[in-house]
Amino acid sequence: MARMHVDELVIDEALVRRLLQEQFPAWAGLPLDRVEPAGTVNAIFRLGDALSVRLARRKGPTEPGGKEAEWLPRLAPLVPVQVPVPVAQGFPTDWYPWFWAVHTWVEGETVPVEEVDAILAARDLARLVAALQQVDPVGAPLGRGIPLADRDEEFRYWLQRFHGDHRVAVEWERSLAAPAWHGSPVWHHGDLDVRNWLVRDGRITGVIDWGSMGVGDPACDVMVAWKLHSSAARDAFRDAVRPDDATWARARGWTLSQAVAILAYYTPENNPTLCREAESWIGLALSGD
């Protein structure tokens, strides 16, 4: 597969072994296997039976700690899925320039969205979203859930490079016209993409990649309704979560903005699966509310 980013680092087993040998020698001899499908932000390796190693492909953390190190141990007992809990943090070296993480391994498979029971997935994700929204937001970090209007400039940048359905621009304006979120900030995962679902026995039992988590507008999690690739599953998610009409409209705008950015940035050569999914999101978002 072609590189997804022109500035991404080549991260292979040899690099990870070298980092482990230098910084965590007790783990350096454990089996190491790259996790597929590859994420767009991080490279992940399974380390032995109980651990995982995650390294940013580009623009990684330049300071130690971070949201996941502080908050995942607190959130883990409060949500109805397993999450990776930080175990250790590696530091930059001459051959890898950012901080990197060792987490607990979460069992489950990353399954293509077409192979997931969409209705069951909708219910599992709805339970997660509802549980997160019950977590006390006091002291929590800001997450991806910014006001939709704050995405307008970025959306228009990608729209100029997008060659798909012209109705997207009209529907974006309709989403922007929805009232903004005026409630208290609520907890959200921020990136409930199928690549972050872990499936066991047909159910979503684990969710990974919490780098976008925090508090804000819940619409950025509600948009997963359109990522289920099924109008019936979309509606099942809505019935379970029961967002207000304005949040639903903003979530639809989030879906469109992400899909447009994906299709303007990635190509069928360097990320065929994500491009295909984004086309599906747009089709479902344009098919009606």
Side-chain angles (χ1 to χ4, degrees), residues 39 41-42 44 51-56 59-92 98-106 124-152 154 178-193 195-198 204-225 237 240-244 246-248 250-251 253-254 257-258:
V41 177
N42 299 294
I44 301 176
L51 300 172
S52 64
V53 179
R54 194 180 72 176
L55 306 95
K59 300 179 181 179
T62 57
E63 300 289 338
K67 287 192 294 187
E68 290 172 286
E70 180 178 359
W71 286 95
L72 279 180
R74 305 188 203 186
L75 289 178
L78 304 178
V79 295
V81 294
Q82 289 185 299
V83 304
V85 178
V87 175
Q89 188 171 54
F91 52 83
W98 305 302
F99 287 88
W100 52 282
V102 179
H103 287 180
T104 55
W105 176 257
V106 179
D124 292 336
L125 292 166
R127 279 192 289 272
L128 171 60
V129 170
L132 282 170
Q133 291 183 2
Q134 296 303 309
V135 177
D136 187 349
V138 174
L142 296 177
R144 176 170 276 180
I146 61 175
L148 189 65
D150 290 356
R151 289 183 62 83
D152 188 49
E154 181 181 355
W181 176 254
H182 292 299
S184 299
V186 298
W187 268 98
H188 50 266
H189 175 277
D191 192 17
L192 288 177
D193 184 89
R195 274 153 293 281
N196 295 329
W197 314 343
L198 294 177
I204 298 174
T205 57
V207 172
I208 60 174
D209 199 350
W210 290 73
S212 297
M213 69 176 171
V215 297
D217 184 348
C220 70
D221 267 0
V222 173
M223 72 168 158
V224 76
F237 180 89
V241 175
R242 298 190 178 279
D244 60 76
T247 297
W248 187 252
R250 294 193 308 277
W254 267 93
S257 67
Q258 278 203 344

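Computed from a prediction, not measured in an experiment: that's the story for all the values here.
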Find the distance between [atom1] ([X]) and [atom2] ([Y]) and round it off to the nearest 0.5 Å.
{"X": "His182", "Y": "Asp244", "atom1": "NE2", "atom2": "CG", "result": "10.5 Å"}
{"X": "Asp209", "Y": "Ile44", "atom1": "CG", "atom2": "CD1", "result": "6.5 Å"}
{"X": "Leu125", "Y": "Phe237", "atom1": "CG", "atom2": "CZ", "result": "6.5 Å"}
{"X": "Asp152", "Y": "Ser257", "atom1": "CG", "atom2": "OG", "result": "10.0 Å"}
{"X": "Met223", "Y": "Arg144", "atom1": "CE", "atom2": "CZ", "result": "6.0 Å"}
{"X": "Asp221", "Y": "Met213", "atom1": "CG", "atom2": "CE", "result": "12.0 Å"}

Minimum heavy-atom separation for [X] to [Y], with atom names?
{"X": "Arg54", "Y": "Trp210", "answer": "NH1-N, 4.4 Å"}
{"X": "Trp187", "Y": "Leu132", "answer": "CB-O, 3.1 Å"}
{"X": "Trp100", "Y": "Val102", "answer": "CZ3-CG2, 3.9 Å"}
{"X": "Pro218", "Y": "Gln133", "answer": "CB-NE2, 3.5 Å"}
{"X": "Ala246", "Y": "Ala178", "answer": "O-CB, 3.9 Å"}
{"X": "Trp248", "Y": "Pro243", "answer": "CE3-CG, 3.7 Å"}

With a cut-off of 3.5 Å and sequence neighbours excluded, list every side-chain donor-acceptor pair involving residues 69-85.
unit_1: Glu70; atom_1: OE2; unit_2: Arg74; atom_2: NH2; d: 3.1
unit_1: Arg74; atom_1: NE; unit_2: Glu70; atom_2: O; d: 3.4

Is there a side-chain contact between Phe99 and Pro92 (heavy atoms, below 4.5 Å)?
yes
Does the pair Trp105 and Leu51 meet the rule for a side chain to side chain contact (heavy atoms under 4.5 Å, CB included), with working shown?
CA-CA 4 Å; Trp105 176 257; Leu51 300 172; 5.6 Å; no
Does [X] reach the main-chain N or O of [Y] with its side chain, forming a donor-acceptor pair under 3.5 Å?
{"X": "Glu68", "Y": "Pro86", "value": "no"}
{"X": "Asp191", "Y": "Ser212", "value": "no"}
{"X": "Lys67", "Y": "Pro141", "value": "no"}
{"X": "His189", "Y": "Ile208", "value": "yes"}
{"X": "His188", "Y": "Val186", "value": "yes"}
{"X": "Arg250", "Y": "Pro179", "value": "yes"}

Begin from the C-alpha positions of Ile146 and Asp217 and carry the test side chain to side chain contact (heavy atoms under 4.5 Å, CB included) through to its verdict.
CA-CA 6 Å; Ile146 61 175; Asp217 184 348; over 6 Å; no
When you look at Val207 and Leu192, which way does the side chain to side chain contact (heavy atoms under 4.5 Å, CB included) test go after all the steps?
CA-CA 8 Å; Val207 172; Leu192 288 177; 4.0 Å; yes
Can you list the steps and then say if Trp254 with Arg151 is a side chain to side chain contact (heavy atoms under 4.5 Å, CB included)?
CA-CA 9 Å; Trp254 267 93; Arg151 289 183 62 83; 3.4 Å; yes
